[in-house]
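Order of the sequence lines fixes the chain letters, A, B, ..., with proteins taken first and strands second; residue numbering starts at 1 for each chain. Remember, predicted model here, so these are calculated numbers, not experimental data.
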Amino acid sequence: MSTDALIRTEGLKKHFKGGDIQALRGIDAEIGRGEVVVVIGPSGSGKSTFLRCLNLLEMPTAGRILFDGVDITDPKVDIDAHRRKMGMVFQHFNLFPHMTLLGNMTLAPIKLLHESRENAEKRAMALLDRVGLADRAGAYPSQLSGGQKQRIAIVRALCMNPEVMLFDEPTSALDPEMVGEVLDVMKRLAEEGMTMVVVTHEMGFAREVGDRVIFMDEGRIVEQGTPEKIFDSPESERLRSFLAKVL
Amino acid sequence: MERGGFAVDEIVRVFRQCFIADNRWRYLLTGLGNTLTITVFALLLGVAIGVLVSVFRSTYDMTYDTMRPGFGKVMLGIMNRICVLYVTVIRGTPVVVQLLIAYFIVFVSVRSGVGVAALTFGINSGAYVAEIIRGGIMSVDPGQFEAGRSLGFNYVATMRYIIIPQAFKTVLPSLANEFIALLKETSVAGYVGIVDLTKAGDIIRGNTFQAFMPLIAVAAIYLVMVIFFTWLVGKLERRLRTSEH
């Protein structure tokens with residue numbers, strides 16, 4: 001796995017000035033190509049900060065992030081070019097409310113990849129069809145349910161043909177009955193071989209879909225391994241008490 | 001009936017005196033033309049300046065503290081200072097004084113009074129528009145910004161395609177207010193000898209010694225323009241709202 005790491009972090013630290021919070025205290029992690037890594041942990045453990053550092057939405061205070069062998073924390077690196085290869089899905093969807101679904105999905109491919117409108121729309125329609133929303137292409141985000149919004153957010157990111165998808169608690173803002181439809185889309189994506197890093201509280205998803213589970217607490221990786229190892233034979237006391245509360 | 005008939009005759013007589021005799025209506029037409037010219041150009045200039053200044057100001061507010069040290073950070077700091085100075089000076093002095101300074105000091109050799117007025121009112125309006133749009137930009141959900149950046153848009157493109165269109169929609173009513181104020185503010189253009197709508201009415205008053213009819217006519221024309229503009233903005237708002245929440 002270490003020979004084919006898509007993302008590698010070395011000694012990643014993040015310090016928030018306001019409140020003087022040490023969110024990350026040195027994270028060394030690897031995401032392999034085609035691997036589905038699920039990050040779990042209590043609130044405030046730094047798991048979202050870790051994910052947001054991977055595409056530099058948060059600028060780490062110390063450490064390096066190697067993406068495809070390139071240190072993207074280097075100020076000379078064009079971070080926008082690398083972000084185009086890293087799709088991101090947010091807890092609160094963050095769809096563009098002033099555009100139709102098709103507009104949401106084709107904006108970046110047309111403006112950044114210089115695709116023709118026809119081509120971009122054709123690909124977007126195919127993706128919409130895959131998530132069962134092709135008939136809503138002309139609708140605006142405000143007309144959708146939460147689960148539909150999140151499915152659109154996923155395919156919007158996919159329109160850029162990313163090499164990795166980052167999910168930041170994608171189901172936490174959803175009504176319970178809509179969680180399944182979003183997890184289904186993510187599961188299909190994983191089966192197709194997409195590299196994924198998923199921060200989530202959905203332990204069922206972590207166990208079923210994850211290749212590897214990382215348990216974080218207080219800005220550190222406490223334990224990691226296969227879902228079986230993490231969920232069935234946790235080693236650390238911290239993980240055991242966490243699982244006792246959430247399972 | 002006799003008295004009534006007399007009153008109507010009198011009104012017709014004064015009307016003819018004020019607007020028909022010596023083609024005095026032409027004053028109003030010229031004045032209206034100048035008022036509209038000044039307002040439209042000032043509006044365009046004001047929006048251009050306002051967008052530019054508001055982007056510098058809000059970029060500074062949102063990103064300066066977390067920016068990497070370097071040339072960009074220094075430039076942003078300087079631009080922000082300039083923008084703050086501009087907004088402070090323009091909003092802190094009366095527009096009539098600005099117009100007098102522009103006409104008699106800065107552009108003393110320029111012959112076109114309307115041009116100087118359009119420029120002055122544009123620069124003036126820009127300061128107010130900047131603060132309005134800045135408020136709109138700051139009110140857009142930060143998640144929108146993150147979504148744009150995570151797709152690979154750079155800062156400026158994120159502003160252009162994602163933030164500004166949403167901010168603009170939020171501030172449209174405030175902008176409309178500003179433009180209505182601008183239209184009426186141009187009535188001080190007469191201070192530097194420009195025949196705008198107000199000045200035109202005043203000239204007719206001076207020539208005919210009739211105050212009532214020319215001034216009421218001027219007021220009515222302003223009112224009609226403002227009502228028309230308000231209707232137009234309302235229509236635009238309704239069209240934009242079809243896509244929102």
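- A cation-pi contact links A/Lys14 to A/Phe16, judged by a cut-off of 6.0 Å to the six-membered ring centre and 45° from its axis.
- Proximity to chain B (any heavy atom under 4.5 Å) is restricted, for A/Leu95, to the backbone atoms N, CA, C and O.
- A/Phe167 has its ring centre no less than 6.0 Å from the ring centre of A/Phe90.
- A salt bridge links A/Arg52 with B/Glu146: at least one charged nitrogen is closer than 4.0 Å to a carboxylate oxygen.
- Contact annotation for residues 59-82 of chain A against chain B (heavy-atom separation below 4.5 Å, listed by residue number): A/Met59, A/Thr73, A/Asp74, A/Pro75, A/Asp80.
- A donor-acceptor contact shorter than 3.5 Å links the side chain of B/Gln98 to the backbone of B/Ile90.
- Judged by distance alone, with hydrogens and angles left aside, the side-chain atoms of A/Arg83 form a donor-acceptor pair with the main-chain N or O of A/Leu56 at under 3.5 Å.
- Chain B forms the most heavy-atom pairs under 4.5 Å with one residue out of A/Thr100, A/Asn55, A/Leu112, and that residue is A/Leu112.
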Test A/Gln91 against A/Asp168 for side chain to side chain donor-acceptor pair (under 3.5 Å), laying out the working first. CA-CA 6 Å; A/Gln91 183 178 350; A/Asp168 189 5; over 6 Å; no

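- A salt bridge links A/Arg130 to A/Glu192: one of the charged nitrogens lies within less than 4.0 Å of a carboxylate oxygen.
- Using a 4.5 Å cut-off between heavy atoms, B/Asn154 touches chain A through backbone and side chain atoms alike.
- Judged by the 6.0 Å distance and 45° axis criteria, B/Arg91 is not positioned over the aromatic ring of B/Tyr86.
- The part of A/Leu57 that comes within reach of chain B is its side chain, from C-beta onward, which places non-hydrogen atoms under 4.5 angstrom from that chain.
- When each of A/His92, A/Met88, A/Met86, A/Lys111 is checked for heavy-atom pairs under 4.5 Å with chain B, A/Lys111 comes out on top.
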